[in-house]
Amino acid sequence: MISCLSLSSYSFCEKIALKKYRRCVKRGCIKRPQVVSGAKKDGFGLRVFVLSDLHTDYPENMAWVRSLSTKRHEKDVLLVAGDVAEMYDNFILTMSLLKERFEYVFFVPGNHDLWCRWETEDFDSLEKLNKLLDACKQLGVETNPAVIDGLGIIPLFSWYHESFDREDDIVGVRIPSLDMACKDFHACKWPGNLSNRDTSLALYFDLMNEKNQNTVKQIQSTCSQIITFSHFVPRQELCPEKRMLFYPKLPKIIGSDWLEDRIRSIHGVESSSLACHVFGHTHFCWDAVVDAIRYVQAPLAYPRERKRRMNGEVLS
């Protein structure tokens with residue numbers, strides 16, 4: 001669930017040996033290098049907590065948010081990597097509760113935040129996005145890059161595209177179509193020029209980051225450590241292999257190549273021992289260093305998923 005990042009450096013000997021940066025991905029084959037944990041126990045200074053996939057439309061999850069201490073995190077930073085709530089009112093309540101508990105709260109939207117199934121107002125998903133961003137501004141929740149005590153924090157807007165998946169498909173078994181398995185195709189409402197069925201949404205959301213380029217450059221020039229975060233997945237290696245997934249088509253609806261390119265443009269191709277990116281969406285707890293960047297996911301997830309994990313079940 002919620003996770004605290006150590007802001008101290010970790011040893012270069014613990015990193016994956018870095019070759020010249022290439023995705024090294026060819027059609028039908030994902031190269032999965034050895035990954036190692038980036039978590040350390042010797043953290044100090046500013047505390048940054050990360051959390052994704054709160055899904056507080058579930059009463060159990062809203063109760064968990066309410067249970068967070070109103071005193072313990074008064075000087076801490078919280079990065080919320082999307083999927084707070086489907087219902088607008090629940091989103092507002094959740095973000096208000098988090099802002100009451102943390103001094104700084106940052107947010108990027110996830111797919112569930114932009115669902116329009118049960119909203120009383122008639123708006124599409126882009127209009128709802130703007131409404132959420134306006135609400136964050138009023139609540140004091142940051143959605144733009146900022147510097148906190150010398151730490152650069154850069155939210156990155158993103159969306160997935162099917163061509164992100166380059167691993168061989170599972171054959172010989174019946175697997176439900178994306179339309180049947182992914183509610184985004186029905187719960188989101190997009191203007192006519194945008195669609196889940198091509199790269200248009202991934203490109204649209206990536207271009208939303210361009211307005212912050214001057215701020216990002218300032219952060220790059222002044223901050224020795226930068227944390228970027230998004231809702232969606234930047235690399236397919238950050239998802240289990242298809243043979244381990246309950247729904248093997250999941251990689252087609254989780255990530256964006258443009259997102260990883262943008263992350264590398266911020267942290268640098270060779271990066272540093274302090275480079276970190278936080279993501280969400282897949283509901284898999286993750287903390288690994290790949291090609292010199294630490295990637296972290298700390299989902300609250302659905303109540304039923306937490307129960308299965310406590311009973312020892314995984315990936316189902």
Side-chain angles (χ1 to χ4, degrees), residues 51-62 64-65 80-98 106-139 141 143 155-162 164 176-206 208 229-233 247 249-256 259 279-284 297 299-306:
L51 180 63
S52 71
D53 303 283
L54 287 78
H55 296 291
T56 54
D57 298 298
Y58 290 90
E60 302 97 315
N61 287 15
M62 184 68 82
W64 182 89
V65 172
V80 181
D83 276 7
V84 173
E86 175 182 354
M87 297 294 292
Y88 176 79
D89 290 345
N90 286 337
F91 176 89
I92 297 298
L93 175 57
T94 304
M95 299 308 290
S96 299
L97 291 170
L98 293 174
F106 288 76
F107 166 76
V108 290
N111 49 317
H112 283 250
D113 299 313
L114 304 185
W115 285 9
C116 301
R117 296 185 303 173
W118 313 117
E119 300 294 355
T120 55
E121 296 184 46
D122 184 20
F123 44 58
D124 64 28
S125 293
L126 287 187
E127 291 170 331
K128 185 175 183 181
L129 170 61
N130 291 328
K131 188 170 182 175
L132 295 180
L133 295 179
D134 288 343
C136 285
K137 187 174 182 179
Q138 294 177 6
L139 292 171
V141 173
T143 59
L156 293 175
F157 294 91
S158 60
W159 200 266
Y160 57 82
H161 56 95
E162 188 174 340
F164 173 80
S177 68
L178 294 178
D179 280 35
M180 291 182 62
C182 181
K183 293 181 181 179
D184 292 348
F185 287 83
H186 313 286
C188 291
K189 297 195 301 185
W190 303 108
N193 60 325
L194 297 175
S195 172
N196 272 331
R197 303 177 190 282
D198 53 32
T199 60
S200 58
L201 278 170
L203 284 167
Y204 181 91
F205 276 84
D206 181 66
M208 289 182 64
F229 74 105
S230 63
H231 178 66
F232 293 101
V233 181
Y247 183 59
K249 291 186 178 180
L250 181 67
K252 301 182 187 299
I253 50 174
I254 64 170
S256 168
L259 174 59
F279 64 100
H281 189 55
T282 56
H283 294 199
F284 295 123
Q297 180 175 194
L300 181 59
Y302 300 131
R304 64 179 182 273
E305 291 174 322
R306 294 198 300 280

Side-chain touch Trp159/Phe232, heavy atoms, less than 4.5 angstrom: yes

Smallest separation among heavy atoms of Val108 and Pro155, with atom names: CG1-CB, 3.3 Å

Donor-acceptor pair, side chain of Tyr88 and main chain of Lys128, under 3.5 angstrom: no

Short side-chain donor-acceptor distance under 3.5 Å, Asp198 and Ser200: yes

Side-chain (Ser125) to main-chain (Leu114) donor-acceptor, under 3.5 angstrom: yes

Passing candidate, side chain to side chain contact (heavy atoms under 4.5 Å, CB included) with Val80, options Asp53, Leu98, Thr94: Leu98

Student check: side-chain heavy atoms of Phe205 and Leu129 closer than 4.5 Å: yes

Beyond-backbone contact of Glu121 with Glu127, side-chain heavy atoms, under 4.5 angstrom: no

Check: Asn61 side chain, Ala301 main-chain N or O, donor-acceptor pair, under 3.5 Å: yes

Step-by-step side-chain contact (heavy atoms from CB on, under 4.5 Å) determination, Leu97 to Met62: CA-CA 10 Å; Leu97 291 170; Met62 184 68 82; 4.1 Å; yes

Expected output: side-chain Glu305 to main-chain Tyr302 donor-acceptor under 3.5 Å: yes

Any donor-acceptor pair under 3.5 Å from Gln138 side chain to Ala135 backbone: no

Option among His283, Glu86, Glu60 that satisfies the side-chain hydrogen bond (donor to acceptor under 3.5 Å, both in side chains) test with His55: His283

Step-by-step side-chain contact (heavy atoms from CB on, under 4.5 Å) determination, Leu93 to Thr56: CA-CA 9 Å; Leu93 175 57; Thr56 54; over 6 Å; no

Asp184 side chain to Asn111 side chain, donor-acceptor N/O pair below 3.5 angstrom: yes

Distance (rounded to the nearest 0.5 Å) between Asp83 CG and His112 NE2: 5.0 Å

His186 side chain vs Asp179 backbone, donor-acceptor pair below 3.5 Å: yes

Asp57 side chain vs Met87 backbone, donor-acceptor pair below 3.5 Å: yes

Stacked cation flag Lys131 on Phe123, 6.0 angstrom / 45 deg: no

Gln297 CD to Thr282 OG1 distance, which is reported to the nearest 0.5 Å: 3.5 Å

Validation row: His161, Leu203 side chains within 4.5 angstrom (heavy atoms): no

Pairwise distance NE2(His281) to OG(Ser230) - rounded to 0.5 angstrom: 10.5 Å

Minimum heavy-atom distance between Cys116 and Lys189, given as atom pair plus value: CB-CE, 3.9 Å

Ala85 to Phe91 - nearest heavy-atom pair and separation: CB-N, 3.7 Å

From CE (Met95) to CG (Leu132), nearest 0.5 Å: 9.5 Å

Distance in Å, Cys136 SG paired with Phe106 CZ, rounded so as to fall on 0.5 Å steps: 11.5 Å

Side-chain touch Tyr160/Leu201, heavy atoms, less than 4.5 angstrom: no

More than 12 heavy atoms from other groups under 6.0 Å of CG on Asn130: yes

Qualifying residue for side chain to side chain contact (heavy atoms under 4.5 Å, CB included) with Phe164, from Thr199, Ile254, Ile253: Ile254

Sidechain-backbone polar pair: Asp113 side chain, Gly110 backbone, donor-acceptor under 3.5 Å: yes

Any donor-acceptor pair under 3.5 Å from His231 side chain to Ala81 backbone: yes

Side chain proximity check, Trp190 to Tyr204, heavy atoms < 4.5 angstrom: no

Pro109 side chain reached by Phe157 side chain, heavy atoms, under 4.5 Å: yes

For the student: nearest non-hydrogen atoms of Tyr247 and Pro176, plus distance: OH-O, 2.9 Å

Side-chain heavy atoms of Leu126 within contact of Pro191, under 4.5 Å: yes

